[in-house]
Amino acid sequence: MSKNLFNPGKKALSTYGFFLGAFGFLEIILNFPEGIFTAFFFGAVGLTISVLSRENGVFSKTALAGLILSSAAIVFSLLLYISLFMFYCALKDPVIGQPLFKYYEEMLSMQGISIASVSQLLKI
């Protein structure tokens with residue numbers, strides 16, 4: 001059987017799954033606010049490809065590493081998305097929002113960081 005772009009071997013699939021999982025995990029770290037969404041996408045694709053690369057129900061070491069990295073990328077991106085969503089909802093709340101914002105601003109000012117620089121960094 002010839003291996004080509006449309007019919008890669010199991011070893012190539014496990015390598016693709018590993019690299020997609022690693023790229024998804026690095027996307028969270030290097031491109032934080034927007035990287036959450038792309039990390040979830042690359043993690044899901046890497047997880048699927050890693051599962052498809054098993055041979056006779058057994059994962060190779062590369063496929064297992066891709067499975068772990070892809071799962072970690074999905075879990076971390078979901079946790080970060082939920083955390084940021086809850087934080088933004090809490091800031092918009094009329095009762096909790098104002099004290100939370102003052103506490104957050106005070107905490108940042110103790111570190112010498114302004115709220116404007118953080119909002120610019122997060123592109124709010």
Side-chain angles (χ1 to χ4, degrees):
M1 178 189 303
S2 68
K3 296 177 185 175
N4 58 25
L5 182 63
F6 298 108
N7 188 13
K10 299 291 183 178
K11 185 174 173 90
L13 282 177
S14 64
T15 305
Y16 295 153
F18 173 75
F19 281 120
L20 283 170
F23 185 70
F25 196 74
L26 285 174
E27 189 69 19
I28 295 172
I29 297 169
L30 299 176
N31 193 12
F32 173 59
E34 296 91 7
I36 295 172
F37 303 110
T38 54
F40 182 82
F41 174 74
F42 285 121
V45 173
L47 184 71
T48 305
I49 290 176
S50 294
V51 168
L52 290 175
S53 71
R54 59 185 173 166
E55 203 164 347
N56 298 326
V58 178
F59 290 104
S60 67
K61 291 180 182 179
T62 310
L64 190 59
L67 195 69
I68 292 169
L69 281 173
S70 298
S71 300
I74 290 171
V75 168
F76 285 139
S77 65
L78 283 175
L79 286 175
L80 284 172
Y81 177 76
I82 291 169
S83 299
L84 285 174
F85 181 74
M86 290 176 66
F87 181 71
Y88 288 142
C89 286
L91 282 177
K92 288 182 179 181
D93 187 84
V95 177
I96 299 173
Q98 198 65 275
L100 181 65
F101 183 77
K102 288 185 190 280
Y103 176 73
Y104 185 61
E105 188 175 29
E106 180 181 317
M107 183 181 67
L108 288 174
S109 67
M110 288 172 49
Q111 300 298 323
I113 303 170
S114 70
I115 196 78
S117 63
V118 171
S119 65
Q120 183 182 11
L121 178 69
L122 293 176
K123 298 175 181 126
I124 299 176

Separation between CG of Leu20 and CG of Leu13, rounded to the nearest 0.5 Å: 10.5 Å
Are the side chain of Ser50 and the backbone N or O of Leu47 linked by a donor-acceptor pair below 3.5 Å? no
Are Val51 and Leu64 connected into the same hydrophobic cluster when the rule is that any two of I, L, V, M, F, W, Y join if their side-chain heavy atoms are below 4.5 Å apart? yes
Side-chain polar contacts of residues 71-87 - donor-acceptor pairs under 3.5 angstrom, sequence neighbours left out - could you list them?
| from | atom 1 | to | atom 2 | distance (Å) |
| --- | --- | --- | --- | --- |
| Ser71 | OG | Leu67 | O | 2.8 |
| Ser77 | OG | Ala73 | O | 3.0 |
| Ser77 | OG | Ile74 | O | 2.9 |
| Ser83 | OG | Leu79 | O | 2.8 |

Heavy-atom closest contact (Ser70 atom, Gly21 atom, distance): OG-CA, 3.3 Å
Output every pair passing side-chain hydrogen bond (donor to acceptor under 3.5 Å, both in side chains) with a member in residues 18-28, not counting sequence neighbours, ordered by first then second residue. Glu27-Asn31, Glu27-Thr38
With Ser14 via side chain to side chain contact (heavy atoms under 4.5 Å, CB included) - residues at least two apart: Ser53, Ser60, Thr62, Ala63
Is Phe19 linked to Leu30 within one hydrophobic cluster, defined over Ile, Leu, Val, Met, Phe, Trp and Tyr using a side-chain heavy-atom separation of less than 4.5 Å? no
Rounded to the nearest 0.5 Å, how far apart are CD of Glu105 and CG of Leu100? 11.5 Å
Please list, chain by chain and in numerical order, all residues satisfying side chain to side chain contact (heavy atoms under 4.5 Å, CB included) with Leu108, sequence neighbours excluded. Tyr104, Ile113, Ile115, Val118
Sequence neighbours left out, what passes ring pair (Phe, Tyr, Trp, His ring centres under 6.0 Å) with Phe40? Give chain and number order. none
If hydrophobic clusters are built from ILVMFWY residues whose side chains come within less than 4.5 Å, do Phe41 and Tyr16 share one? yes
Joint cluster assignment, Ile36 & Ile29, ILVMFWY side-chain distance < 4.5 Å: yes
Applying side chain to side chain contact (heavy atoms under 4.5 Å, CB included), name anything that partners Leu69, two or more places apart in sequence or on another chain. Phe18, Ala22
